[in-house]
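For reference, the structure discussed in these notes is given below.
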Amino acid sequence: MAGSKYAYVKNFEIPDPLLPNTYMVLRVDGHGFHRFSESHSFTKPNDQRALELMDAAALAVMQEYRDIVLAFGESDEYSFLFRRSTQLYNRRQSKILSTLVSYFTSCYVMNWSKYFPSTPLEYPPSFDGRIVLYPTEKEVRDYFSWRQADTHINNLYNTLFWALVQQGEMTPADAHATLKGTVSGQKHEMLHSRFGINYNTLSARFRKGSVITRKTVINFIVWIDGLETPESVPSDEPDGLKRKTKPKVTLEISHVDIIGDEFWNKNSDIL
Ligand code: ATP
Ligand code: ATP
Ligand code: MG
Ligand code: MG
Ligand code: MG
Ligand code: MG
């Protein structure tokens with residue numbers, strides 16, 4: 001199509017390709033969720049419904065974008081790892097980032113009433129997003145270790161902070177002051193001696209965050225018209241259609257350690 005005399009302005013758009021053959025991590029994070037969680041009466045320190053809603057949005061993103069091989073979520077954030085060779089949108093950074101952040105946000109809003117049936121949305125939530133490229137497996141593993149270590153540090157702090165406020169009837173300022181300078185062991189000890197809480201028995205979702213992987217579970221029969229039936233279903237071939245079996249990939253969510261080697265040995269196809 002011939003352009004108008006105005007079309008030259010298109011040349012001001014700068015291409016923004018992401019370096020080829022590098023690991024791409026995209027992280028979304030709720031914008032101003034300190035306020036959002038208060039306006040929508042999230043349970044402190046961990047609102048289970050809010051975490052499940054984040055998981056639902058992340059699962060939807062992974063259904064839609066098949067090149068995502070791993071996701072990790074905690075609090076108001078989710079990180080997505082793409083397979084190194086992905087050619088999604090020709091690796092255009094702003095196209096990938098804007099589309100995925102927008103899709104995540106839409107899924108969050110669409111699923112809101114399922115997880116918060118009696119809490120109307122007071123205002124539209126938004127998420128920020130960034131893409132970081134990592135050259136080797138080491139940085140990718142360290143990235144995910146960093147996020148999961150963060151989950152632990154924050155959860156230990158927040159669990160004790162809210163115990164001091166809710167059960168200990170301290171003001172938030174006094175609770176922060178009490179916690180200032182304490183090391184991990186002291187926090188465990190205070191939780192146990194003052195509130196009878198054994199940190200290690202708290203929900204794994206709160207302590208470890210959410211990990212989403214792809215799992216090949218079952219061979220499915222794919223009729224050539226695209227309809228899928230589980231292999232176990234007796235298969236009278238519909239007239240004129242050919243059958244072929246195909247591995248069915250599903251998404252699996254867990255709350256496991258991803259810092260040690262065990263997870264990565266078990267999921268050696270991720271990197
Ligand atoms: P920014 O826009 O810079 O990200 P923010 O207010 O979202 O600011 P974060 O550092 O992202 O700050 O922290 C998110 C905050 O949202 C947490 O500190 C916590 O108060 C709240 N929050 C998020 N998820 C939950 C949850 N499941 N349960 C309780 N509170 C939550
Ligand atoms: P991309 O993801 O690359 O943007 P696209 O399919 O969105 O692909 P665009 O060039 O953005 O392509 O064009 C948007 C298309 O959406 C239009 O070509 C038109 O078919 C359709 N569309 C958008 N708004 C309207 C509207 N108000 N009425 C009818 N059709 C519309
Ligand atoms: Mg932030
Ligand atoms: Mg945030
Ligand atoms: Mg955050
Ligand atoms: Mg368009």
Side-chain angles (χ1 to χ4, degrees), residues 1 10 13 16 25-59 61 64-65 71-80 88-90 92-109 111-119 121-132 143-144 146-167 171-173 175-176 179 187 197 199 202-212 253 255:
M1 211 199 300
K10 174 85 177 153
E13 293 181 14
D16 60 351
V25 173
L26 188 160
R27 180 170 77 252
V28 299
D29 183 287
H31 174 65
F33 262 47
H34 188 74
R35 171 178 164 231
F36 184 82
S37 64
E38 284 176 358
S39 316
H40 295 85
S41 312
F42 283 15
T43 310
K44 296 290 178 176
N46 291 294
D47 191 300
Q48 170 100 5
R49 302 161 301 172
L51 294 172
E52 287 175 358
L53 174 55
M54 290 292 291
D55 293 343
L59 284 163
V61 167
E64 190 68 16
Y65 292 93
F72 176 76
E74 58 148 330
S75 181
D76 66 340
E77 69 168 63
Y78 241 101
S79 299
F80 299 96
L88 179 65
Y89 304 139
N90 288 323
R92 289 158 56 201
Q93 166 146 241
S94 45
K95 182 87 178 180
I96 295 171
L97 183 58
S98 57
T99 312
L100 266 88
V101 175
S102 165
Y103 194 72
F104 185 95
T105 307
S106 296
C107 293
Y108 189 92
V109 171
N111 283 297
W112 174 266
S113 61
K114 186 176 163 196
Y115 293 91
F116 288 88
S118 47
T119 312
L121 261 180
E122 296 292 328
Y123 61 90
S126 55
F127 290 80
D128 70 29
R130 70 202 66 189
I131 289 175
V132 184
Y143 173 83
F144 283 97
W146 173 51
R147 294 329 298 148
Q148 192 168 56
D150 186 76
T151 309
H152 166 71
I153 293 165
N154 289 333
N155 188 54
L156 179 58
Y157 188 97
N158 291 334
T159 303
L160 183 50
F161 173 84
W162 286 103
L164 291 168
V165 171
Q166 291 166 346
Q167 283 132 267
T171 64
H176 280 305
L179 287 174
K187 292 192 187 75
I197 297 171
Y199 182 80
L202 297 179
S203 159
R205 183 192 290 276
F206 301 161
R207 288 181 295 113
K208 302 285 182 200
S210 295
V211 180
I212 309 178
I253 187 157
H255 313 285

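Whatever order the structure lists them in is the order used to number ligands and atoms, beginning at 1.
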Legend entry - Phe42 N/O under 3.5 Å from ligand 1 N/O: no
Inset, instruction - Go through the steps for Phe42 and His34 under the test ring pair (Phe, Tyr, Trp, His ring centres under 6.0 Å), then give the verdict. - result: CA-CA 10 Å; Phe42 283 15; His34 188 74; over 10 Å; no
Inset, instruction - Specify side chain, backbone, both or neither for Thr43, according to which of its non-hydrogen atoms lie closer than 4.0 Å to ligand 1. - result: backbone
Legend entry - Nearest atoms (heavy-atom pairs only) where Glu74 meets Asp150: OE2-OD2, 3.0 Å
Inset, instruction - Would you kindly specify which portion of Lys44 sits under 4.0 Å from ligand 1, judged on non-hydrogen atoms: side chain, backbone, both or neither? - result: side chain
Legend entry - Candidates Asp55, Asn155, Asn46 - the one meeting side-chain hydrogen bond (donor to acceptor under 3.5 Å, both in side chains) with Arg205: Asp55
Inset, instruction - Could you tell me whether Asp76 and ligand 1 have an N or O pair separated by under 3.5 Å? - result: yes
Inset, instruction - Could you tell me whether the Mg ion (ligand 5) has an N, O or S atom of Glu74 under 2.8 Å away? - result: no
Legend entry - Electrostatic pair Arg49-Glu52, nearest N-O below 4.0 angstrom: no
Legend entry - Ligand-side contact atoms (ligand 1) for residue partner Leu51, heavy atom cut-off under 4.0 Å: 27 (N)
Legend entry - Asp47, portion touching ligand 1 at heavy-atom distance under 4.0 Å: both
Inset, instruction - Check whether NZ of the Lys or CZ of the Arg Arg27 lies under 6.0 Å from the centre of the six-membered ring of Tyr143 and within 45 degrees of that ring's axis. - result: no
Legend entry - Ligand-residue contact atoms, ligand 1 with Ala50, heavy atoms, under 4.0 Å: 27 (N)
Legend entry - Distance (rounded to the nearest 0.5 Å) between Tyr108 OH and Tyr115 OH: 11.5 Å
Legend entry - Sub-3.5 Å N/O-N/O distance, His34 and ligand 1: yes
Legend entry - Nearest to the Mg ion (ligand 5) - the N/O/S atom of Asp76, by atom name: OD1
Legend entry - is_close_aromatic(Phe206, Tyr199), centroid dist under 6.0 Å: no
Inset, instruction - Looking at Asp29, pick out the N, O or S atom nearest to the Mg ion (ligand 5) and give its name. - result: OD2
Inset, instruction - Using a 4.0 Å heavy-atom threshold (strictly under), name the region of Ser75 that reaches ligand 1: side chain, backbone, both or neither. - result: both
Let me check something: any side-chain donor-acceptor pairs from residues 99-106 under 3.5 Å, sequence neighbours excluded? List them with distances.
| unit_1 | atom_1 | unit_2 | atom_2 | d |
| --- | --- | --- | --- | --- |
| Thr99 | OG1 | Lys95 | O | 2.5 |
| Thr105 | OG1 | Val101 | O | 2.7 |
| Ser106 | OG | Ser102 | O | 3.1 |

Inset, instruction - Measure the shortest side-chain to side-chain distance between Thr119 and Trp112 over non-hydrogen atoms and say whether it is less than 4.5 angstrom. - result: yes
Legend entry - Within 6.0 Å of NZ in Lys114, more than 12 heavy atoms from elsewhere: no
Inset, instruction - Examine Gly32 against ligand 1 and note whether any of their N/O atoms are separated by less than 3.5 Å. - result: yes
Legend entry - Distance filter under 4.0 Å to His31 heavy atoms, resulting ligand 1 atoms: 2 (O)
Inset, instruction - Taking only heavy atoms of Asn46 into account, list the atoms of ligand 1 that are under 4.0 Å away from them. - result: 28 (N)
Legend entry - Atoms in ligand 1 with a heavy atom of Pro45 nearer than 4.0 Å: 28 (N), 29 (C)
